[in-house]
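Since the structure comes first, as structure tokens, the remarks are kept for the end.
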Amino acid sequence: MSATAFAERYGPRALVLGGSEGIGAAFADGLAAGGLDLTLVARRTAPLEAQADRLRAAHGVNVDVAAVDLAAPDIEHTAVTLMERHEYGLLVYNAGAAHGAGLFTERALAGELALVRLNCIATVAFVHQALVRMRQRRKGGVILVSSMAGLAGSGFLATYAAAKSFEIVLAEGLHWEHADMNIDVMCAIAAMTDTPAMRNSGMKFDAIPGLTAMDSEEVAEGALAHLGHGPVWCAAGQTALDQARTEDRTRLIEAVSGMGAALFGLDPTQPCE
Ligand SMILES: NC(=O)c1ccc[n+]([C@@H]2O[C@H](COP(=O)([O-])OP(=O)(O)OC[C@H]3O[C@@H](n4cnc5c(N)ncnc54)[C@H](OP(=O)(O)O)[C@@H]3O)[C@@H](O)[C@H]2O)c1
């Protein structure tokens, strides 16, 4: 799709949740380069302002920001306020990484609940607000950023994997509901990507031989190119997605649990007290 056609279909403005760093910042770059105005959301103001300044200078687009914790308990009210701020043709729900791993019962409950709020509750709140408005206009797009971890249960990342699975399944259903309405809903399944969040989380990018971290730009560009071409796009490729979906479930869970442990430097053996 040409930049003009993309801007007509998904403009005039995109809301990027988690748009100050990493994959979300790469989405914002790609969209601004295509001429879309932007609203960027994250918790910390300084990186948000820096990213907004950069995009204004580089692309001459209008960018505003909102410092919001998407895992906050009253997020549905914030979703309404933000949605009323502008007319958004595209919603990118990107924030949602795990920031660490560990056995479920050894992790603080507050952190596990925050993961569910960030990836499930707030996702539903924003996507609902966005789609109600897009249906009235009969145009628009929604991208939910999920993870390969969402393709199976995973020890050490149990809540994260379950929450990322929610996004994939939600996008599939909403894609079906909007297929004839000129509204594209898609899940972008990211693979291991070198982002500031993952570096700060202590992810060991070289832990698994043959597995190389992707760049945020590769993920965002691939996802934006796939928008309008189906409910799910996988950064690791369709073959990797098909393999995960047809693999023996027990073997897959065993394998991804071991990978999760390796990536975060944990003992991969199952606990048996
Ligand atoms: N990186 C990977 O290896 C990888 C692999 C598979 C899937 N993914 C998925 O890709 C997406 C992006 O991942 P990422 O590695 O770039 O890290 P991320 O922490 O999910 O995203 C970073 C961006 O989101 C913001 N953010 C994080 N938590 C937030 C919250 N509670 N409220 C508001 N904003 C928040 C960050 O700014 P603030 O910190 O200032 O809030 C920053 O702008 C996630 O959905 C993740 O699950 C990543």
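Keep in mind that this is a model prediction, so the values were computed, not measured. Note that ligands are numbered from 1 as they come in the structure, with each ligand's atoms numbered from 1 the same way. The figures that follow rest on heavy atoms only: side chains count, while hydrogens, waters and symmetry mates do not.
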- Message: Could you see if V256 belongs to whatever hydrophobic cluster contains I189? Use Ile, Leu, Val, Met, Phe, Trp, Tyr and a side-chain cutoff under 4.5 Å.
- Response: no
- Item | Nearest non-hydrogen partners of G150 and S165, listed with the distance | O-CB, 3.2 Å
- In this structure, atom 26 (N) of ligand 1 is nearest to the protein heavy atom A95 CB, 3.7 Å
- Taking a hydrophobic cluster as the set of Ile, Leu, Val, Met, Phe, Trp and Tyr residues connected by side-chain heavy atoms closer than 4.5 Å, whether directly or through intermediates, do F166 and V169 fall within one such cluster? no
- Compare I23, L118, T193 and give the one whose heavy atom is closest to atom 3 (O) of ligand 1. T193
- Give the residue and atom name of whichever protein heavy atom lies nearest to atom 34 (N) of ligand 1, and the separation in Å to one decimal. A42 CA, 3.4 Å
- Message: Can you tell me if A213 contacts ligand 1 (heavy atom of the residue under 4.0 Å from the ligand)?
- Response: no
- Task: Please report the shortest heavy-atom distance between T195 and F205, naming the atom on each side.
- Result: N-CZ, 4.3 Å
- Provide the closest heavy-atom pair for N119 versus A163 in the form atom of the first, atom of the second, distance. CB-CB, 3.7 Å
- Message: Looking only at distances, can you tell me whether any N or O atom of S147, backbone or side chain, sits closer than 3.5 Å to an N or O atom of ligand 1?
- Response: no
- Task: Report, in ascending order of atom number, the atoms of ligand 1 lying under 4.0 Å from any heavy atom of G19.
- Result: 43 (O)
- Given the rule in the salt bridge (charged side-chain N to carboxylate O under 4.0 Å, His left out) test, do E87 and R137 qualify, once you have shown the distances and angles that lead to the verdict? CA-CA 10 Å; E87 176 181 317; R137 297 196 295 272; 3.4 Å; yes
- Under 4.0 Å between heavy atoms, the region of A197 that gets near ligand 1 turns out to be side chain
- Short N-O contact, D53 and R56, less than 4.0 angstrom: yes
- Item | Shortest non-hydrogen contact between H86 and T39, atoms and distance | CD2-OG1, 3.3 Å
- Query: Of L48, N119, D194, V145, which has the heavy atom at the shortest distance from atom 10 (O) of ligand 1?
  - Reply: V145
- Task: Below 4.0 angstrom from a heavy atom of S20, which ligand 1 atoms are there? Numbered from 1 as shown, please.
- Result: 37 (O), 42 (C), 43 (O)
- Keeping the roles fixed (side chain from D37, backbone from V61), state whether a donor-acceptor pair exists under 3.5 Å. no
- Message: Going by the closest heavy atom to atom 30 (C) of ligand 1, which one wins out of R43, E21, M192?
- Response: R43
- Query: Which atoms form the tightest heavy-atom contact between A191 and A236, and what is the distance?
  - Reply: CB-CB, 4.1 Å
- Message: Which of the numbered atoms in ligand 1 are under 4.0 angstrom from any heavy atom belonging to D69?
- Response: 30 (C), 31 (N), 32 (N)
- Query: Considering distance alone, does some N or O of G96 sit under 3.5 Å from an N or O of ligand 1?
  - Reply: yes
- Give the minimum heavy-atom separation between L40 and A28, together with the two atoms involved. CD2-CB, 3.8 Å
- Task: State the atoms of ligand 1, each with its element, that fall below the 4.0 Å cut-off from a heavy-atom position in V68.
- Result: 32 (N), 33 (C)
- Message: Closer than 4.0 Å to some heavy atom of K164 - which atoms of ligand 1 meet that?
- Response: 44 (C), 45 (O), 46 (C), 47 (O)
- Residue selection (non-hydrogen contact nearest atom 32 (N) of ligand 1) among V16, L70, N200: L70
- S216 and its side chain to side chain contact (heavy atoms under 4.5 Å, CB included) partner, picked from N94, D194, I23: I23
- Item | Ligand-side contact atoms (ligand 1) for residue partner R44, heavy atom cut-off under 4.0 Å | 37 (O), 38 (P), 39 (O), 40 (O)
- Message: Can you tell me which portion of S216 lies within the under-4.0 Å heavy-atom range of ligand 1? Options are side chain, backbone, both, or neither.
- Response: neither
- Query: So does E21 pair up with R44, basic N to acidic O under 4.0 Å?
  - Reply: yes
- Heteroatom proximity flag, M203 to ligand 1, N/O under 3.5 Å: no
- Query: In terms of residue, atom name and distance, what is the protein heavy atom nearest to atom 4 (C) of ligand 1?
  - Reply: A191 O, 3.8 Å
- ligand 1 atoms nearer than 4.0 angstrom to some heavy atom of N94 are 11 (C), 12 (C), 21 (O), 44 (C), 45 (O)
- Message: Any atom of ligand 1 sitting under 4.0 Å from a heavy atom of Y160?
- Response: yes
- Task: Quick one: look at H99 and ligand 1, take heavy-atom pairs under 4.0 Å, and tell me if it's side chain, backbone, both or neither.
- Result: side chain
- Report yes or no: does S146 have a heavy atom closer than 4.0 Å to ligand 1? yes
- Query: Looking at atom 18 (P) of ligand 1, what's its closest protein heavy atom, distance included?
  - Reply: A97 CB, 3.7 Å
- Do K164 and E167 sit within salt-bridge range, that is, some charged N less than 4.0 Å from a carboxylate O? yes
- Message: Do V145 and V127 sit in one hydrophobic cluster, given that two such residues count as connected whenever their side-chain heavy atoms are within less than 4.5 Å of each other, even indirectly?
- Response: no
- One should read off an interatomic distance between T123 OG1 and L118 CG, to the nearest 0.5 angstrom, of 7.0 Å
- Task: Give yes or no for whether the N/O distance cutoff of 3.5 Å, strictly under, is met between M198 and ligand 1.
- Result: no
- Using a strict 4.0 Å cut-off to heavy atoms of G18, name the atoms of ligand 1 that fall inside it. 23 (C), 24 (O), 25 (C), 43 (O)
- Does ligand 1 have a heavy atom under 4.0 Å from the side chain of T195, from its backbone, from both, or from neither? side chain
